[in-house]
Amino acid sequence: MDLSYILNELGEERDQYYNAVSPPVMQSSNFAFNTVADMRSAMSDEFDATLYSRGQNPTLNILRKKLAALDGAGDALLFSSGIAAISTSVLALVKQGDHVVCVENPYSWTDKLFRHLLPKFGISTTFVTGTALSDFEDAAKPNTRLIYLESPNTFTYELQDLEAVARFAKARGIITIIDNSYCTPLFQQPIKLGIDLVAQSATKYIGGHSDVMAGVVTGSCELIRQIFEHEFMNLGPALSPHSAWLLLRGLRTLPLRLQRSFESTQVITNWLAQHDNIDTVLWPFSTTFPQFELAHEQMQGCGGLFSIALKNSSYAKIEAFCNSLQHMLIAVSWGGHESLVMPAIASIPPEKYDVDNPRHQYIRVYIGLEEPQYLINDMQQALEKVKLLETVYS
Ligand SMILES: *Cc1c(COP(=O)(O)O)cnc(C)c1O
């Protein structure tokens, strides 16, 4: 299916709403029937019926079709947040006594799902580096039900060979799910590589304007229905129609925004890599990235999120750099129009800072839609301030 068709036409039955170009926000929790027989028919299969908005809603269904098509998936399910999409789907796929293999250092609340929530229900998890297929082969047990991937992750960017992991999992009857928020379906299509389910925080690139929280999971009709019929309807993480409308609007410009973020990041990471005060630039499409080749094999482009470490990094220097930025904001999240920084030390108290641990030194940077030179100038003056700090101390 053409990308332009998906983003501009698919799912939009305009003759049903006065040929409005922008679809209506169907702000209704409830939908009425002409006859009891019609109601009975809807109630017998809520997955495909417009009955009650905790299940399906017409505005959401337009978005549902587009997001499924973007991933080349049978169907999609929308959620009120990315983590709701991940937690609800995982809960739907595992039961007491099952085992999960998960990549190390996934998104923080995904990590907590496997470390705190699932053990309460007798589900255990082995964490693996995931950069080699043997990590998964060695960790899999007879009761392994699920392999959880995030490629690349959003702090240190380790990749998994998606095709190889999917092949291994299929042979063993293990379901695979990936968090694809970093790439979006435009830069990586895991289902085409054999992965079963794809989750995204739509709060990030899909929404794209830092004004909506949402999540999505795509996969085969059977798996999406399985997630919907029990855990989704019981836990109730439904997306609001207004949020769905904001995501539809975001989707129209996704290719432009993603390409801009990608291209600016190329320019900015190149500039940073040659800067005297920068020790490390970690970004999957950097020529120095350890998995550069795999990144180019399975990704068609790269998100605008990367991490840097300052030369002779220290707690004070990291704080000085971030606090000195005049345009880039200090914040969590990413994927919006605005550029951001998030240093690891935001969650490490000074007495726990380990100068020899690169993970403590990293400053995560997100490049939004501003002019690259505007951002370079901002980082340049912040790096000057760090240099001044060095002179003061020496
Ligand atoms: C933000 C994020 C999530 C969680 O999504 P929310 O919409 O914040 O619930 C999951 N995975 C990744 C990689 C993220 O960046």
Side-chain angles (χ1 to χ4, degrees), residues 104-108 111 150 152-158 181-182 201 204-205 210 261-262 264-291 302-370 372-390 392-393:
E104 259 171 13
N105 309 312
Y107 174 69
S108 58
D111 195 63
E150 193 178 303
N153 74 39
T154 55
F155 188 58
T156 45
Y157 315 97
E158 288 88 358
S181 307
Y182 184 87
S201 168
K204 311 295 163 55
Y205 273 131
S210 302
S261 177
F262 173 36
S264 298
T265 303
Q266 249 165 328
V267 173
I268 291 166
T269 51
N270 281 336
W271 177 79
L272 284 164
Q274 55 73 47
H275 197 287
D276 287 347
N277 288 30
I278 297 291
D279 183 73
T280 314
V281 177
L282 212 49
W283 187 56
F285 269 37
S286 291
T287 48
T288 52
F289 188 73
Q291 294 176 287
C302 201
L305 204 54
F306 61 92
S307 296
I308 55 172
L310 304 174
K311 274 248 169 75
N312 305 315
S313 197
S314 70
Y315 209 82
K317 277 191 191 173
I318 298 168
E319 278 199 357
F321 173 74
C322 296
N323 292 344
S324 301
L325 291 166
Q326 291 173 353
H327 302 294
M328 300 177 73
L329 306 174
I330 302 172
V332 297
S333 196
W334 52 276
H337 54 90
E338 77 290 10
S339 294
L340 308 168
V341 293
M342 185 183 84
I345 58 162
S347 51
I348 302 167
E351 66 277 11
K352 292 249 174 81
Y353 179 73
D354 175 2
V355 70
D356 296 320
N357 183 347
R359 293 186 62 83
H360 286 199
Q361 298 179 10
Y362 289 141
I363 303 166
R364 189 178 81 175
V365 181
Y366 167 69
I367 301 301
L369 306 180
E370 304 91 334
Q373 193 57 47
Y374 181 71
L375 301 173
I376 286 176
N377 292 348
D378 197 17
M379 284 190 271
Q380 173 66 33
Q381 64 81 28
L383 287 166
E384 300 282 339
K385 303 242 165 72
V386 175
K387 223 185 227 161
L388 279 181
L389 199 72
E390 223 162 40
V392 171
Y393 279 115

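The figures here come from the full heavy-atom set of this structure, side chains too, leaving out hydrogens, waters and symmetry mates. All values reported here derive from a predicted model rather than from experimental measurement.
Listed here is the closest heavy atom pair of H327 and Y374: ND1-OH, 2.7 Å. The minimum heavy-atom distance linking S313 with Y353 is given by the pair OG-OH, 3.8 Å. Of all heavy-atom pairs between Q381 and L325, the closest is NE2-CA, 3.9 Å. For F321 against I363, the heavy-atom pair with the smallest separation is CD2-CD1, 3.7 Å.
Using a 4.5 Å cut-off on side-chain heavy atoms (C-beta onward), M342 and Y366 make no contact. Side-chain atoms of N270 and V281, non-hydrogen and from C-beta on, never get closer than 4.5 Å to each other. Counting heavy atoms from C-beta on, the side chains of L383 and L310 come closer than 4.5 Å. Looking at heavy atoms from C-beta onward, K317 lies out of side-chain contact with K311 at the 4.5 angstrom threshold. In this structure the side chain of C302 reaches within 4.5 angstrom of the side chain of Y182, judged on heavy atoms. Residues T154 and K204 fail the side-chain proximity criterion, which asks for heavy atoms closer than 4.5 Å. For the pair I268/I376, a side-chain contact is recorded, criterion being any heavy-atom separation below 4.5 Å from C-beta on.
Between F262 and W283, the ring planes are tilted. Angles from 30° to 60° get that label. Using cut-offs of 30° and 60° on the angle between ring planes, the pair W334 and Y205 is perpendicular.
A distance of 7.0 Å separates OG in S261 from CG in L369, rounded to the nearest 0.5 Å. Between atom CD1 of residue I345 and atom CD of residue E319 there is a gap of 4.5 Å, rounded to the nearest 0.5 Å. Note that CD1 of I367 and OG of S264 are 7.5 Å apart. Values are rounded to the nearest 0.5 Å. A distance of 8.5 Å separates CG in L305 from OG1 in T265, rounded to the nearest 0.5 Å.
Residues passing the salt bridge (charged side-chain N to carboxylate O under 4.0 Å, His left out) test with D111, sequence neighbours excluded: R115. For the side chain to side chain contact (heavy atoms under 4.5 Å, CB included) test, residues two or more places apart in sequence or in another chain that qualify with N377 are Q373.
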> Q361 and T280: side-chain contact (heavy atoms from CB on, under 4.5 Å), yes or no, with the steps?
Replying inline: CA-CA 10 Å; Q361 298 179 10; T280 314; 5.9 Å; no

>> I'd like to know whether N153 forms a side-chain hydrogen bond (donor to acceptor under 3.5 Å, both in side chains) with E158, so could you lay out the CA-CA distance, the side-chain angles of the two residues, the decisive distance to 0.1 Å, and finally the verdict.
In response: CA-CA 6 Å; N153 74 39; E158 288 88 358; 2.8 Å; yes

